[in-house]
Amino acid sequence: MMEMTPRTASVRETDVQPNFTSTSFATQTNALLRKNLTFQKRNWRTNACLVVFPLQLCIVLVVIQLLINSLIGGSKFSCGCACVPVNGSAGCEKRCGIQYSDQDQVSSCAILSPTEWPALLQVPRPQYRAVDNHNAQFPGLPDASCRDTKSCPATFLYTGQNQTLAEVLAGNLLVNRVPANLSGSLPSLSDLVPGTQVLSWSSYYIEPAFVSNEPLYVLQNVCKDHVLNIGAPSLDSQPSFSLPFTCLETLTLWRDNSSEIDKELFQGYRKGNPERDLFEIPAAYDFLDSTVDKLNLNIWFNSTLENKTTNGVPPSVVRVPRMMNLAVQAFLRLIKGPTAELPLWFIKEMPKPETKLRLDFSSLLGPLFFMWVIQLLFPVILTSLVYERQQKLRLMMKMHGLGDRPYWLITYGYFLALSLVYIFGFILFGSVVGLKIFRLNDYSIQLVFYVIYLNLQIALAFFVATFFSNVRTATVCGYLYVFGFGLLGYFLFQFFLEDHGTRRSFIFAMELLPGFSLFRGLYEFSTYAFTGDYMGSSGMRWKNLQDHENGLKAVFGIMLVEWPLFLLLAYYCDQVIASGSGLKKHPLFFLGRKNSLRRFPSIRRQVPEVNVEMDRPDVIEERNVVEGLRNVQNGAYAIICDNLKKVYPGEDGNADKFAVRGLSLAIQRGECFGMLGPNGAGKTTSINMMTGFLAPTSGTALIQGLDIMKEIEKIYTCMGVCPQHDLIWETLTGREHLLFYGRLKNLEGAALESAVEASLKSVNLFNGGQGNKQVGKYSGGMKRRLSVAISLIGDPKVVYMDEPSTGLDPASRSNLWSVIKQAKQGRAIILTTHSMEEANVLCDRLGIFVNGQLQCIGNPSELRARYGGSFVLTITTPQDQEVKIIELVELLSPTAKKIYGLSGTQKFELPKSEVSIADIFKVIDTNKAQLQFQAWGIANTTLEDVFIKVAREANAVSEK
Ligand SMILES: Nc1ncnc2c1ncn2[C@@H]1O[C@H](COP(=O)(O)OP(=O)(O)OP(=O)(O)O)[C@@H](O)[C@H]1O
């Protein structure tokens, strides 16, 4: 058994009563607030851009508004119908205003139906719709594209109790004049033309309105085999031609009763043309029990018939009165003779006074545009929260004693202040430039709405942030949320809002999503602002919350409930699932349940227990010390790691990674312990577990007697950390960093100032005003020194330094060493390093880690003695002498080992037990001339040799 240096506590066990009083809530809040204010002051450009952003948007809105105004300037509209001059505006205003009955004016104006208006001009809720049947045609008549009777649709179906009367009426529907002799008696059609099917009437003309501008052309095509004589094709003159009966029959089809018509219309099948596909019969008449004394009538109309000719006026509006008109006129001519006229030609809406087209762009685009603008803060907040976690800045603050409550309070308060400034700026600028959505609605309602929503938005961002660990992903998702909800709101949710068939409960369910709540509120503001111009109202007032259609009241309710709910959820998830904010708590922590050691069954089975038999005696000894301390309160030990293990579950089919395999370590106050080991040995993982950044897979650590799994918050009050990568704010100065962390450690006033100054001096950042330079302008070494200073400020009892001297020049490094040496007094320090020199100078004890396992432990000279125990002899000769040199060394020491050989230079390890320095000198002196020695040297084993040796041996064992 190797001889061990006895472990003695350098501090008496009784004199250690660590003080865990954390700084008060107010002190922490004050520290964070000051730091944040300074930080935001430095970032004033970004903040100014954010606040001025709404102003820029308002200006964009105004410019667009002006453009629209100049585009449609001087236009009037009436009855919801927009009108633009075509051939000069003279007749246009008249037509679009009140009077537009004479046909001349039609040619001078183009009426734009609502569907033809440019998208921007569409009003959300048109109040009126023009009814203009001036250009309407009878639907279903064969048109110019209809070249033969086969492909032409029947004009309409008809029936009636008196077939003869119905036939005459149906004929009259098409033909304006009937023979005079029909007015008295009612002969059948075949009586009129005995023995032939051709009706040989004279001086008939087709009702012009039926067939638009090409009546004769159409007739020619429909009845081309039968037209006998065609006169002048003029609407005003009366063309002379003969109309064959078969042709009339094509245009009007008799059915025996109305149920047949029903059936046929339902089937949509054209009789007499079975090879044709389905088509739509445009209309049908049932003349019921009409006689010459009374007209009794049923009309079928087709509201879905494609409307080709009515200038965009909805067909259902045009057709029904038009068809009635024709039927009544047919009846009138039957009883009064062909010259009878029915004066009803058009149905018009009542004239309204002219109205200037005042299009408020902000009100029209309001819900979408403002939604995007207001929600833009969401990704900003989300990104900022995730950034602090990804960069581990939050954890760094936490590890230096910042509690969750002050963090939440100040962070939430900051985002709220930012949001309020942003939205107030938006409302203010918008009002100044005259956006009606702001000016017309009651400001107090807007204020309440926006304040509640902004709080909800911040709470939502806090909640959502707990699920992200990567800033880029969070940013992309944040912007997708903003634009996605804007578009969904505008194109989907608005549709449901305006569709009276949508159930209220469905709308309510959609509004549970904060994006739709916001949309609903903006939609209502926009609607009230828009209708304000036309309905005499002037935007929304508090009393309007009672309006049946106004959904703002429900939205208020939803948001007021969701705001605290999201905050609670955010806090819960932050404690239980958020990565990057420290150890996760037990899912039932609010019931007082504390984390036990986390054990992953599948992993645990695979974690190889440390084979105690294989351990070296020094490691076994350390383990025994730890086991002996398990149930004993011993204040001399500041850090006790008890079988700490960390396994990273394997991903993508890779095996689990055993980063730390049962670390047992006991470190006393006043001791600096050095962790050595090759890259990936598990040093940082071990420190991360001790600092509460990573949860151990099993095992635990006691820091100042407190369990990291249960009382990590308390541990943070007496801990300092210098992480492997500098966790600092680039825009703060070195002094400001130290002031912040000093305040967190309860320093204030003159004590704080002098501690900061001393700290800056100790790491060489005081002279030349370097402490007042922003950290972003520091060199890598300066940042490193600042990190060390941060870890030591406020007299922490336990300090972790992960490779503190990386990147330092020799002078700075030596300076840093003296700082650390001084800092050892009264506190325990764990440092990791790759510099053997540093370990030698600073560390009271060293542990060498390989493959996650402590391989050896002891003070540097012990390790050298224990794992060295030999001289290293280096000899350089010509290459042809190499074999003779080996023979010479073997003579000197039979168990000597060659550890290196290249181009004539060879290194040998000679056990001290076999050879003395005097023997070596003597042999070399005797043979150096003969063997042509060019150079030679002898050295004791260095720490580096020990390191390499231990690492090699450990790797060799693990490869077996
Ligand atoms: N999040 C992780 N997931 C999976 N494996 C990890 C993770 N973090 C670290 N490891 C692995 O754990 C092992 C120990 O890593 P650790 O960072 O503790 O090594 P180290 O001794 O500090 O190395 P270095 O000297 O290079 O800093 C390494 O093999 C590493 O790849």
Side-chain angles (χ1 to χ4, degrees), residues 389-392 395 399 468-470 473 577-584 598 600 602-604 606-608 610 619 639 641 643-665 673-699 701 708 721-727 780 784 787-788 791 799-808 829-839 842-843 846-857 943-944 947-948 950-952 954-955 958-959:
R389 257 216 314 275
Q390 182 188 294
Q391 296 298 311
K392 299 184 187 126
L395 186 66
M399 288 194 296
F468 289 100
S469 53
N470 182 288
T473 321
I577 59 170
S579 61
S581 53
L583 281 186
K584 297 164 194 173
R598 289 190 175 214
F600 306 105
S602 60
I603 292 171
R604 234 180 97 67
Q606 303 166 48
V607 177
V610 174
V619 177
I639 302 171
C641 296
N643 208 14
L644 265 187
K645 289 179 188 166
K646 182 70 190 174
V647 182
Y648 292 109
E651 282 167 8
D652 304 328
N654 291 323
D656 294 339
K657 174 72 196 173
F658 304 108
V660 178
R661 305 167 188 251
L663 170 63
S664 289
L665 195 62
F673 180 82
M675 294 175 100
L676 305 180
N679 294 129
K683 306 179 293 293
T684 302
T685 306
S686 303
I687 288 191
N688 283 345
M689 286 191 285
M690 288 181 240
T691 52
F693 177 60
L694 280 178
T697 305
S698 69
I708 55 164
V721 181
C722 167
Q724 190 171 28
H725 305 288
D726 305 305
L727 303 180
R784 207 72 203 120
S787 292
V788 171
S791 72
V799 179
Y800 302 94
M801 295 184 177
D802 203 347
E803 301 180 25
S805 60
T806 309
L808 294 193
I829 298 179
I830 291 190
L831 73 79
T832 71
T833 181
H834 289 296
S835 157
M836 298 304 134
E837 191 188 356
E838 181 169 285
L842 293 180
C843 301
L846 296 171
I848 299 180
F849 288 76
V850 182
N851 292 331
Q853 199 165 344
L854 188 60
Q855 301 292 335
C856 62
I857 186 167
L943 208 48
E944 200 168 310
F947 179 89
I948 293 170
V950 171
R952 272 199 190 143
N955 282 332
S958 67
E959 278 163 17

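Below, all heavy atoms of this structure are taken into account, side chains as well, without hydrogens, waters or symmetry copies. One is the number of the first residue; the rest follow in order along the sequence. All ligand and atom numbering here is 1-based and tracks the order in the structure.
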Just to be sure I'm reading this right: ignoring hydrogens, which of [options] gets closest to [atom]? Compare them by their nearest heavy atoms.
atom                    : options                        : result
atom 2 (C) of ligand 1  : Phe658, Phe849, Tyr648         : Tyr648
atom 24 (P) of ligand 1 : Asn679, Val660, Val647, Asp802 : Asn679
atom 13 (C) of ligand 1 : Gly680, Ala681, Ser686         : Gly680

For [X], the ligand 1 atoms whose distance to one of its heavy atoms is below 4.0 Å:
X      : result
Glu803 : 25 (O), 27 (O)
Thr685 : 14 (C), 15 (O), 16 (P), 18 (O)
Gly682 : 14 (C), 18 (O), 19 (O), 20 (P), 21 (O)
Gln724 : 27 (O)
His834 : 25 (O)
Thr684 : 17 (O), 18 (O), 20 (P), 22 (O), 27 (O)

### Message
Could you go through Arg784 and Ser805, starting from their C-alpha distance and side-chain angles, then the distance that decides it, and tell me whether this counts as side-chain contact (heavy atoms from CB on, under 4.5 Å)?
### Response
CA-CA 7 Å; Arg784 207 72 203 120; Ser805 60; over 6 Å; no
### Query
Is it true that atom CD of Gln724 has more than 12 heavy atoms of other residues, nucleotides or ligands lying nearer than 6.0 Å?
yes
### Task
Answer yes or no: does an N/O atom from Gly677 fall short of 3.5 Å to an N/O atom of ligand 1?
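No, Gly677 has no N/O under 3.5 Å of an N/O on ligand 1.
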### Query
Can you check whether Ala659 has an N/O within less than 3.5 Å of an N/O in ligand 1?
no
#### Entry: Closer than 4.0 Å: a protein non-hydrogen atom to atom 30 (C) of ligand 1
no
### Message
For a 4.5 angstrom cut-off between non-hydrogen side-chain atoms, does Thr685 reach Leu694?
### Response
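Yes, their side chains come closer than 4.5 Å.
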### Task
For ligand 1, note which part of Lys683 has a heavy atom under 4.0 Å away: side chain, backbone, both or neither.
both
### Message
With side-chain contact (heavy atoms from CB on, under 4.5 Å) as the criterion, how do Met690 and Tyr800 come out once you've worked through the C-alpha distance, each side chain's angles and the decisive distance to 0.1 Å?
### Response
CA-CA 9 Å; Met690 288 181 240; Tyr800 302 94; 3.6 Å; yes
### Task
Could you tell me whether the side chains of Asp802 and Thr832 share a donor-acceptor contact shorter than 3.5 Å?
yes
### Task
Go through the side-chain N and O atoms of Glu803 and Thr833 and say whether any donor and acceptor fall under 3.5 Å apart.
no
### Task
Spell out, as yes or no, whether a donor-acceptor pair under 3.5 Å connects the side chain of Lys645 to the backbone of Pro696.
no
### Task
Examine distances only and state if a side-chain atom of Arg661 and a backbone atom of Leu644 form a donor-acceptor pair shorter than 3.5 Å.
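Side chain of Arg661 to backbone of Leu644, a donor-acceptor pair under 3.5 Å: no, none is there.
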### Query
Nearest 0.5 Å, what's the NE2-CD distance between His834 and Glu944?
12.5 Å
